Amino acid sequence: MDGALGDPLDFEVVVASLRMGRENSGGYLAELADRLNRALPGRVHVERAGLLSRKVKAITCEVADKHFRAETAGAGTNCSVASVVRGVVIRTDERTLDAWLADLSQELTRAAEHSQEARAALDRLLR
């Protein structure tokens, strides 16, 4: 298959894809949650501001042994990456939104190198 996902260009494409729409910070988490949920069904947990609200309060995305969490905090976004072993969080690191997006992209790209399912998910994310 041309353009293996391990290529540096593809990693940059994933990062750019995840960053799209950041100018609209109010709706960015909702858009990102929808995109991740379509790409990784069952691995993305979305917390909404209210029962029928479209406003996203937080996103948690599970990729391999990492849990990526982004949540609204006033006008900004708090992001973290948790390392999980056998269902137990052993470490959580805070990230800026840019670093969080880069880490998530890198983990998705790495997973796609080893799994057809992850490759298909990454392809869905890029569409």
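On a predicted model such as this, the values are computed, not experimentally measured, just so you know.
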Residues forming a side-chain hydrogen bond (donor to acceptor under 3.5 Å, both in side chains) with Arg91, sequence neighbours excluded
Asp93
Counterpart residues, side-chain hydrogen bond (donor to acceptor under 3.5 Å, both in side chains), relative to Arg69 (two or more places apart):
Glu47, Thr60, Glu71
Can you list everything that forms a side-chain hydrogen bond (donor to acceptor under 3.5 Å, both in side chains) with Asp34? Sequence neighbours excluded, please.
Arg54
Partners meeting side chain to side chain contact (heavy atoms under 4.5 Å, CB included) with Ala82 (sequence neighbours left out)
His67, Val89, Thr92
Mind checking what makes side chain to side chain contact (heavy atoms under 4.5 Å, CB included) contact with Ala70, not counting sequence neighbours?
Leu29, Thr77, Cys79, Trp100
Report the distance from atom CZ of Arg95 to atom CG of Leu104, rounding to the nearest 0.5 Å.
11.5 Å
Show the nearest heavy-atom pair for residues His45 and Glu62, with the distance to one decimal.
NE2-OE2, 3.0 Å
Closest non-hydrogen atom pair between Lys66 and Ser83, with its separation
NZ-OG, 3.5 Å
Return each pair, listed once, that meets salt bridge (Lys or Arg N to Asp or Glu O under 4.0 Å) where at least one residue sits in residues 72-90; pairs must be two or more places apart or across chains.
none
The remaining residues in the hydrophobic cluster of Val85, counting side-chain heavy-atom contacts under 4.5 Å among Ile, Leu, Val, Met, Phe, Trp and Tyr, are Ile90
Pair Leu32, Val56 - check side-chain contact (heavy atoms from CB on, under 4.5 Å), show working.
CA-CA 10 Å; Leu32 184 60; Val56 171; over 6 Å; no
Using the rule that two of Ile, Leu, Val, Met, Phe, Trp, Tyr join whenever any of their side-chain heavy atoms come within less than 4.5 Å, decide whether Leu97 and Val44 are in one cluster.
yes
Please find the pair of heavy atoms, one from Ser80 and one from Glu94, that lie closest to each other, and give the distance.
CB-OE2, 4.0 Å
Once you round to the nearest 0.5 Å, how far does CZ of Arg48 lie from CD1 of Ile59?
9.0 Å
As an exercise, state the distance from CG of Asn78 to OG1 of Thr96, rounded to the nearest 0.5 Å.
11.5 Å
Check the hydrophobic clustering (I, L, V, M, F, W, Y; side-chain heavy atoms under 4.5 Å; chains of links allowed) and say if Val81 and Val46 are grouped together.
yes
Minimum heavy-atom separation for Pro41 to Arg38, with atom names?
CD-O, 3.7 Å
